[in-house]
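What follows is a single structure, written as structure tokens, with notes after it.
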Amino acid sequence: MKIATWNINGVKARISELCQWLESSSPDIACLQEIKSVDEGFPRAEIEALGYHVETHGQKGFNGVALLSKIKPDEINRGLPGDDSDEQARFIEGVFSVKDGVLRVCSLYLPNGNPSDDPVKYPYKLAWMARLQKFAESRLALEEPLILAGDYNVIPEPHDCYDPAVWATDALFLPKTRAAFRNLENLGLTEAVRATTDAQKHYSFWDYQAGAWQKNNGIRIDHLLLSPEAADKLISTDIEKHVRGAEKPSDHVPVIGHFNFSLAS
DNA sequence: ATGCCTAATTTAATTAGA
């Protein structure tokens, strides 16, 4: 089973590229971020025509996440628990049936947090990460396969960016950000890409500006975190770098996990 | 050097991304 996460940077601006990607890459489940659309505006018909179920959690203008799946979800939960006053659409969970039980897949769009000295934005990021920690704790207690997939806006280690000095004071790389990400991993979650490769200059985002793509000035910020029950099923990962070379690309590319989950019979 | 590009909202500048 192929499970993907992709920050698409605007689903309406990217619908042609999205459909081409679904046809060529053919993920069983795709977690999208930054759909930048309300639920009613999401181009679901084109995606359903390719055989996918579509579940969205959108908002006007910014943010927004979605789950596309070849198998129909049994349950969908929208929004990250822990703060009823948070109106930003950054989290959706789907519960699927596989051969031996359930599979939980979450599409998350963790706040950017820049500028890092902003009185609101960086604290919001850290608070969101604390809420994600609580959520992960509660789900791990279920001892089920769980995949937390998304744009974490976290550069985990210095070699996950082209120049650590450039990112030293950035909200994606500050010590508190990296510590919060390690706290998640220390719950027992496995980061799928580093569990399967030590490839260097292995990035998932390249800025549109300053020729970042041409110079391979990338960062790795899109991740799959796996519960032990999901990590046991992990076979390999891919970062579909070629997608960044499309005519009208997102600034992120899909990150893929291959698992040996079997479909429910 | 907080810009260099891009999308969305709205129709000409902003805001946000990272």
Side-chain angles (χ1 to χ4, degrees), chain A residues 5-19 21 31-43 46 56-66 86-91 107-126 128-129 132 149-178 180-181 201-223 239 241 243-255:
Chain A
T5 181
W6 188 18
N7 179 321
I8 194 162
N9 189 19
V11 71
K12 286 173 285 189
R14 209 85 55 213
I15 184 61
S16 167
E17 288 76 7
L18 174 59
C19 288
W21 173 72
C31 303
L32 302 181
Q33 301 87 36
E34 276 205 275
I35 63 174
K36 297 187 176 179
S37 171
V38 294
D39 295 336
E40 310 82 71
F42 193 93
E46 294 92 322
T56 63
H57 182 40
Q59 69 177 93
K60 188 175 178 180
F62 309 94
N63 305 327
V65 289
D86 185 0
E87 296 185 343
Q88 299 193 32
R90 295 178 173 277
F91 191 89
S107 177
L108 66 93
Y109 177 43
L110 206 147
N112 176 300
N114 280 307
S116 59
D117 58 357
D118 186 278
V120 174
K121 295 195 169 186
Y122 193 56
Y124 174 66
K125 177 175 192 150
L126 293 178
W128 206 96
M129 295 185 84
L132 183 60
D151 177 358
Y152 278 74
N153 274 313
V154 174
I155 300 166
E157 300 291 339
H159 64 281
D160 293 316
C161 66
Y162 62 93
D163 183 357
V166 169
W167 296 91
T169 61
D170 193 283
L172 279 63
F173 192 58
L174 280 175
K176 282 183 180 174
T177 305
R178 294 174 57 199
F181 188 78
K201 300 183 179 179
H202 200 44
Y203 305 133
S204 67
F205 168 93
W206 295 261
D207 202 298
Y208 289 123
Q209 302 182 73
W213 167 243
Q214 289 75 11
K215 292 185 268 190
N216 197 26
N217 286 348
I219 55 179
R220 196 174 68 88
I221 57 175
D222 300 274
H223 309 298
I239 298 184
K241 185 176 180 180
V243 172
R244 187 61 177 79
E247 194 168 335
K248 216 178 76 165
S250 170
D251 40 9
H252 297 249
V253 298
V255 177

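Chain letters run A, B, ... following the sequence lines, proteins first and then strands; every chain starts at 1. FYI, side chains are in, hydrogens and waters are out, and symmetry mates aren't considered; it's all heavy atoms of this structure.
Whole-Å rounding puts the A/Asn114 CG to B/dT15 C1' distance at 15 Å. Residue A/Phe205 contributes atom CZ, which lies 6 Å from atom P of B/dA18 at whole-angstrom precision. Note: CG (A/Asn112) to P (B/dT15) measures 17 Å, nearest angstrom. For A/Leu174 and B/dA18, the CG to P distance is 15 Å, given to the nearest whole Å. Rounded to an integer number of Å, the gap from A/Trp213 CH2 to B/dA18 P is 17 Å.
A/Tyr109 meets the ring-ring contact (aromatic ring centres under 6.0 Å, His included) test with no other residue; sequence neighbours excluded. Partners of A/Asp160 under the salt bridge (Lys or Arg N to Asp or Glu O under 4.0 Å) rule, at least two apart in sequence or in another chain, are A/Arg194, A/Arg220. Residues satisfying the salt bridge (Lys or Arg N to Asp or Glu O under 4.0 Å) criterion with A/Glu46, sequence neighbours excluded, are absent altogether. Here A/His223 pairs with A/Tyr152, A/Phe181 under the ring-ring contact (aromatic ring centres under 6.0 Å, His included) rule; sequence neighbours left out. For A/Arg244, there are no salt bridge (Lys or Arg N to Asp or Glu O under 4.0 Å) partners two or more places apart in sequence or in a different chain.
In this structure, A/Lys121 reaches the sugar-phosphate backbone alone: every heavy-atom distance under 4.0 Å involves primed, P, OP1 or OP2 atoms, never a base. At the heavy-atom level, A/Arg90 lies under 4.0 Å from the strands shown only through sugar-phosphate atoms. When heavy atoms are screened at a 4.0 angstrom cut-off, A/Asn217 is found touching no nucleic acid atom at all. Among the heavy atoms of the strands, none lies under 4.0 Å from A/Asn63.
Between the side chains of A/Asp163 and A/Asn217, no donor-acceptor pair is found at a separation under 3.5 Å.
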With 3.5 Å as the limit, what N/O pairs link the protein to nucleotides 4-9 of chain B?
{"from": "B/dA7", "atom 1": "OP1", "to": "A/Arg14", "atom 2": "NH1", "distance (Å)": "3.2"}
{"from": "B/dT9", "atom 1": "OP1", "to": "A/Gly61", "atom 2": "N", "distance (Å)": "3.2"}

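An OP1 or OP2 oxygen of B/dA18 is reached within less than 4.0 angstrom by a side-chain nitrogen or oxygen of A/His252. Taking side-chain N and O atoms only, A/Tyr109 has no distance below 4.0 Å to OP1 or OP2 of B/dA16. Contact between the side-chain N/O atoms of A/Asn153 and the OP1/OP2 oxygens of B/dA18 is found at a separation under 4.0 Å.
Nucleotides B/dT2 and B/dA18 place their C1' atoms 11 Å apart, quoted to the nearest Å. B/dT14 and B/dC4 have their P atoms separated by 13 Å, with the value rounded to a whole Å. Taking atom P on both nucleotides, B/dG3 is separated from B/dG17 by 14 Å, rounded to a whole Å.
Here the side chain of A/Lys125 pairs no donor or acceptor atom with the backbone of A/Thr177 at under 3.5 angstrom.
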